[in-house]
Amino acid sequence: MTQTTDAAGEAAAAQDPVTDARDSGTEARTQARDSGTAARAQDLGTDATGRRRARVHRAWFVAAVTFVTIIGAAAFRSLPGLLIDPLHDEFDWSRGTIGLAVSVNLALYGLTAPFAAALMDRFGIRRVVALALVVIAVGSGATVWMTAAWQLLLCWGLLVGLGSGSMALAFAATVTNRWFTEKRGLVTGILTAASASGQLIFLPVLSWIVEEHDWRPAAVTVALAALVVVPFVWLLLRDHPADVGLKPYGATEFVEKPPPVPGAARRAVKVLLSAARTGPFWLLAGTFAICGASTNGLIQTHFVPAAHDHGMPITAAASLLAVIGVFDVVGTIASGWFTDRFDPRRLLAVYYALRGVSLLFLPLLLGPSVHPPMIFFIVFYGLDWVATVPPTIALCRDRFGDDSAIVFGWVLASHQVGAALVAFLGGVVRDTFGEYDVMWYASGALCAVAALMALVIRRGGAVPGKVVLSP
């Protein structure tokens, strides 16, 4: 009886390897099925249990928060052109002095951008942007107590310039590069248009406040607008798709969040030195400097006082700038769509050439009232305002790979240096000649030069993490 029992036990033990193998195979198939279900979940809009979830990728929500953030920060960019005459009348400061403060603001807006992009890599987008908005609010709010020109330079030039530089287009480029691998041109166009949307929202309001209640309430309005956006940034913005367990929009593989990059300032300078050895960098920087000179430096800063010189009310001139903001949204988004389909170099050449021609006609259009030719100029200039940004970012990405956001930050710095120079020179020209005509003609000629420069930019495949040198 004992022998029979032992034999049965041995037979059962002999069957155990077979049973184990069968169980292992079943477990492997189950794991493979679960992995396939999880993989399909992200692509088909369901979770691992098959329940349906939202189809909208989180990247679009991040883009929406970025859009609203840039709108809030854009409030300050609507104010400088409205302050020139009120500050001149109240403090008897020359337009050149006021233009100098605006120049410092514009220059720092550009020069801060590459370091801000590197800081975002080191500390995260959310922290850098929230702090930048607070600095903008402090700088704008503090202007209400100023009594000397150096205080204007400190508050509006230094503080608002540093804060706004961290909210520059390099911010939009960083978000686009991290969260999207498809439709980057379209997203870049939308985020670039956010600045114009902010101008559209705030210009009529601020011009009315300046004309009816003085310039100080307008400065407080800008400060409050920046502060209101801070909670949205802190609660809703995320640094990387990996933070929420997602792939970038359009990506086929999960992308791990890169570790923080130490030495932000050193990295920004290192990228500049590498990019500066290439011809395309200088062509992009040169064309974008002319872009800044003919938009932020010239039209945004001096159009309202120039129109007022010809008898046009400030509110009417500011409303025309707001209309530029309306069509800027359309033109920039369309430019992003075009950038995904056509050669960015040819797009830039067309944009700059048409802008230059329109500036040559502006002196003939200024007058005490708004008439159809002026409306045509405003619509046309609006469509072309920052349409140059999506193809410029695309060329940076194409040429400089993983460093493209920082490289674009330096290109943007040249944009703002050009804007700062013309903002200052415009005030000097007005003080010297009593009119702005010289500035319109000179800027039109510069745009023709930019169109030619765009056509000779060389394209090349970018190596991830490296700058592609010109042959």
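Just so you know, residue 1 is the first one in the sequence shown, and it goes up from there. Heavy atoms only: backbone and side chains are in, while hydrogens, waters and symmetry mates are out.
The minimum heavy-atom distance linking P280 with R458 is given by the pair CG-O, 3.7 Å. Minimum interatomic distance between L272 and W410 (heavy atoms only, all atoms of both residues): CB-NE1, 3.5 Å. I209 and A218 get closest at one heavy-atom pair: CG2-N, 3.5 Å. Nearest approach of P363 to D437, heavy atoms of both residues: CB-OD1, 3.8 Å. The nearest pair of heavy atoms linking A223 to S140 is N-OG, 3.8 Å. Taking both residues in full, the closest heavy atoms of T143 and A219 are given as OG1-CB, 3.5 Å, listed atom of the first, atom of the second, then distance.
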Exercise. Carefully, step by step, assess F338 and R346 under the rule side chain to side chain contact (heavy atoms under 4.5 Å, CB included).
Key: CA-CA 11 Å; F338 290 144; R346 290 183 171 84; over 6 Å; no

Practice problem: List the steps, then state whether side chain to side chain contact (heavy atoms under 4.5 Å, CB included) holds for T69 with L133. | Solution: CA-CA 9 Å; T69 302; L133 286 167; 4.1 Å; yes

Practice problem: Please step through side chain to side chain contact (heavy atoms under 4.5 Å, CB included) for the pair V411 and T392, ending with a clear verdict. | Solution: CA-CA 9 Å; V411 172; T392 300; 4.1 Å; yes

Quiz item: Hey, mind stepping through T339 and R184 against side chain to side chain contact (heavy atoms under 4.5 Å, CB included) and telling me if it holds?
Solution: CA-CA 9 Å; T339 301; R184 281 177 166 175; over 6 Å; no

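If you check the side chains of S294 and R355, you find a donor sitting under 3.5 Å from an acceptor.
In this structure, R58 and W179 have side chains that are in contact, with non-hydrogen atoms separated by less than 4.5 Å. Two residues are said to be in side-chain contact when any heavy atoms from C-beta on lie closer than 4.5 Å; F303 and I378 meet this criterion. Side-chain contact between R238 and F61: absent, with no pair of heavy atoms (C-beta onward) separated by less than 4.5 Å. Contact annotation: the side chain of R178 approaches that of I125 to within less than 4.5 Å [non-hydrogen atoms, C-beta and beyond]. Using a 4.5 Å heavy-atom cutoff, the side chains of H415 and T295 are in contact. Side-chain contact between L83 and I98 is absent, with no heavy atoms from C-beta onward closer than 4.5 Å. In this structure, F281 and F400 have side chains that are in contact, with non-hydrogen atoms separated by less than 4.5 Å. You'll find the side chain of L366 reaches within 4.5 Å of the side chain of W440, heavy atoms only.
Of the possible polar contacts, one joining the T181 side chain to the G250 backbone as a donor-acceptor pair under 3.5 Å is found. Between the side chain of H371 and the backbone N or O of L365, at least one donor-acceptor pair lies under 3.5 Å. Of the possible polar contacts, one joining the T332 side chain to the D328 backbone as a donor-acceptor pair under 3.5 Å is found. A donor-acceptor pair under 3.5 Å is formed between the side chain of D243 and the backbone N or O of H240. Checked by atom type and distance alone, the side chain of H88 pairs as donor or acceptor with a backbone atom of W93 at under 3.5 Å. For S358 (side chain) and Y381 (main-chain N/O), no donor-acceptor pair under 3.5 Å exists by modelled atom type.
Annotation: the span from S335 atom OG to L186 atom CG amounts to 11.0 Å, rounded to 0.5 Å. To the nearest 0.5 Å, the span separating NE2 on H57 from OH on Y249 amounts to 8.5 Å. Atom CG of L283 and atom CD1 of I457 lie 5.5 Å apart (nearest 0.5 Å). Considering CG of L321 and CG of L206, their distance stands at 12.0 Å, rounded to 0.5 Å. The CZ atom of F288 lies 4.5 Å from the OG1 atom of T388; values are rounded to the nearest 0.5 Å. The distance from the CD1 atom of I299 to the CE atom of M439 is 10.0 Å, given to the nearest 0.5 Å.
Screening L153, V160, L158, T301 against N105 for a side chain to side chain contact (heavy atoms under 4.5 Å, CB included) leaves a single residue, V160. Considering V350, L348, L354 as possible partners of Y352, the one that fulfils the side chain to side chain contact (heavy atoms under 4.5 Å, CB included) test is L348.
For F361, the CZ atom sits in a loose shell: 12 or fewer heavy atoms of surrounding residues, nucleotides or ligands are nearer than 6.0 Å. For CZ of F232, the number of neighbouring non-hydrogen atoms (other residues, nucleotides, ligands) closer than 6.0 Å is 12 at most. Annotation: W282, atom CH2; neighbour count of heavy atoms from other residues, nucleotides and ligands within 6.0 Å does not exceed 12.
Between R127 and D239, no side-chain nitrogen of the basic residue sits less than 4.0 Å from a carboxylate oxygen of the acidic one, so the salt-bridge criterion is not met.
Between W60 and F180, the distance from one ring center to the other falls under 6.0 angstrom.
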